[in-house]
2 protein chains.
Amino acid sequence: MQALTLVDGISAVLWYDEGQDTDRHDMGKTRSAPTLNDVAKAAGVSTATVSRCLNSPDRVIEATRQRVLQAVESLGYTPNFAARVMAAKRSYTIGAIIPTMDNAIFARGLQEFQDQLRESGYTLLVSSSAYDPEVEREQIRTLVARGADGLLLIGHARDADIYAYLERHQIPSLVAWSYDPHMHPPSVGFGNAAAMGELAQRVISAGHRRIAMISGITQGNDRAQARVEGVRQAMTENGLNADELTLCETTYEIDKGAEAFGKLMARSPRPTVVMCGNDVLAAGALREAQRLGISVPDQVSVTGFDDIELAEIVTPALTTVHVPHREMGRKAARELIAMVEGTSEGRSICIDTRLVDRCSLAEPPGAQ
Amino acid sequence: MQALTLVDGISAVLWYDEGQDTDRHDMGKTRSAPTLNDVAKAAGVSTATVSRCLNSPDRVIEATRQRVLQAVESLGYTPNFAARVMAAKRSYTIGAIIPTMDNAIFARGLQEFQDQLRESGYTLLVSSSAYDPEVEREQIRTLVARGADGLLLIGHARDADIYAYLERHQIPSLVAWSYDPHMHPPSVGFGNAAAMGELAQRVISAGHRRIAMISGITQGNDRAQARVEGVRQAMTENGLNADELTLCETTYEIDKGAEAFGKLMARSPRPTVVMCGNDVLAAGALREAQRLGISVPDQVSVTGFDDIELAEIVTPALTTVHVPHREMGRKAARELIAMVEGTSEGRSICIDTRLVDRCSLAEPPGAQ
DNA sequence: TCCACCAATGTAAGCGCTTGCATTATCAAT
DNA sequence: ATTGATAATGCAAGCGCTTACATTGGTGGA
């Protein structure tokens, strides 16, 4: 399943006809929708002038404009979007493909992305790929097909041919939720590895040595990969053996987080901290801990990532990494528009994350 | 804000250019996206044949088709959606405008609607109007502008000029979540009045006389209006004075339901039953009841409408009206497609609702 | 062998709009 | 008045595709 968000909009005309001409007798007023031409005639000007009235009013003298606008009004004219796109080679539409709509993370960032686009006169078309690369590929084609002027993608990880396709179609694209200035396309996001590394550093500083992690599926997900990598690096830097990181991969669902946590707790020796790939997973872990009668953070610490609303609501409140999603959405929109309008070649922008200390992380049990 | 859902899709080409010609030196391979013409040349056939290969493969001989398909493949050709829409006057896109995406009710029905459309090769574009008629009007234009072959609307209540506009543009439309065979456009839905009336009948039969209702905003919402009307009629039929119905209108939010319930409980004499316009409102009422220490259904009964997941989860579980949303979505899709394809003039279809007895409705306190 | 017929393919006319370029109107300065 | 510059408008060529109609070639029956 996919979903699209549309903001604002232009207009068009369309009527259906079908081979199946049923013998309808009521072919009454088959007066079809008015076109630019009709307006032009009604206003006694050329179609060019009407077009200019609508698209760059200042290039038309007041009196004429009045006359045209009135004709538009009285005819109930609505420009045909498809025709406009064809002629102008521009749709003022931006496409975005996100992995899922079920996660508040993307919703929040996208909302801001959309608002920003709207302000600049663009419409957003969103669709979700359900973390399936094939679906994503299909949707990219669909969005390009529908005339998207630019595309927002999540993370860099995808087949090269997709980038080639975008290149060929000359569709500027931007990656978000990830930051890597050396990659193409440019990205507006945060360093997942660094952010998670910082959190891991905090964990290690607190005295934890037996570290476990519940990660999202890393396959085809550079954010998930980077988060794991961040933990590994922090371990190495602190003289720990990164290979001893107990890793559990699962999809981003609360139930899965609970399940993974259960498995982790069954191991012996038990990890003293469970770092989760995101807050949703962490919420699941917390729920399972409660069910199992394991006290967090007294017996085991838990950390999250993203700092969505959930993080504050659960008990204990999550120690997590705050990601300024709205800021990211806003900056991504600005940059992508600049690319589409040719005022930028595409810059990568790094968004700062911030550790949020709450209650789910403490010293390991038995520590003094 | 609006939101669109897109399923499946065709394709297109588009490249951006902008007055601002930055002096880029890397004007390397400006080979733009391939068109039908390119494919035709590559395959050594006419554009008509390529088009036929893609749209009605059986009208082209096997050998030719092979050749064409291979050219398509090797060129990485993607048809231009806008051009296709223009030429064919058909977009295989259906638009839907729902009042809100926050309500599980529409989500569920739409999901099915969408799946059904997809099966028939149509794409769904959804947008939400936030219950604002002006926004809805705008979105209808936008959807028509984007070439929707048909439109799904919720409820009949909207200005006549909108229907005129749709008529003029020859866009078949269908109303859902409401049923009234005498109205235009045709509707696929359920009798809101009858369904609510049935529930009210049950309430009255249980012995309730002091009835209160928390309704959604009835202004511009024929479903809400009909539900109120249903209660009124049932009262009248049972010899009660419909004017004595204590009515509280509010938006469909859980908090608002709670608030309204609080006000109702402050009245004296207190109603013995609070019938809610939907389950969300009822959930709010239940929450407030708990907060106020009012026992449901011992001290006061509460009913819902829709039977969404929530209805089973709350305590006590809601006595409500079950609406088969999926069935409605499916039938609406089929009917709308038939209308778009000219095989139906538009029939109205009534979906049966069903009372669901759970625990929130009991006899009034003090009844024997 | 010839012709009628039909299936396969080609030809070309738009669909409704934007926009580069040509033309005309306007007006200040000579 | 005349001229030149500039602003306002018109003209017409497409954008990439579909499809009605024309053309071609192959088939079977007389």
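Chain A is the first sequence line, chain B the second, and so forth, proteins listed ahead of strands; every chain is numbered from 1.
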Does B:Asn80 put a side-chain nitrogen or oxygen below 4.0 Å from OP1 or OP2 of D:dC15?
-> no
Any B:Ser51 side-chain N or O less than 4.0 Å from OP1/OP2 of D:dC17 | no
So which of B:Lys331, B:Arg334, B:Arg330 actually passes salt bridge (Lys or Arg N to Asp or Glu O under 4.0 Å) with B:Glu112?
-> B:Arg330
How would nucleotides 8-14 of chain D be written as a contact map, 5' to 3', with B for base contact, S for sugar-phosphate-only contact and - for no contact, using protein heavy atoms under 4.0 Å?
-> SBBBB-B
Please report, rounded to the nearest Å, how far the P atom of C:dT18 is from the CG atom of A:Leu54.
-> 7 Å
With a 4.5 Å heavy-atom cut-off, do B:Thr49 and B:Arg52 have their side chains touching?
-> yes
Examine D:dC17: is either OP1 or OP2 under 4.0 Å from a nitrogen or oxygen in the side chain of B:Asn37? Give yes or no.
-> no
Residue among A:Ser348, A:Ser187, A:Ser344 satisfying side-chain hydrogen bond (donor to acceptor under 3.5 Å, both in side chains) with A:Glu335 | A:Ser344
Bending between helix ends of the helix from C:dT1-D:dA30 to C:dT30-D:dA1 [5 pairs per end, 10° resolution] = 50°
First locate atom OH of B:Tyr163, then atom CG of B:Leu153, and finally report the distance between them rounded to the nearest 0.5 Å.
-> 6.0 Å
Phosphate OP1/OP2 of C:dC17: any A:Tyr77 side-chain N/O under 4.0 Å | yes
Quick note, B:Ala88 side chain, CB onward, closest among D:dG16, C:dC17, D:dT18 is D:dT18
Do the side-chain N and O atoms of A:Glu62 and A:Gln66 include a donor-acceptor pair separated by under 3.5 angstrom?
-> yes
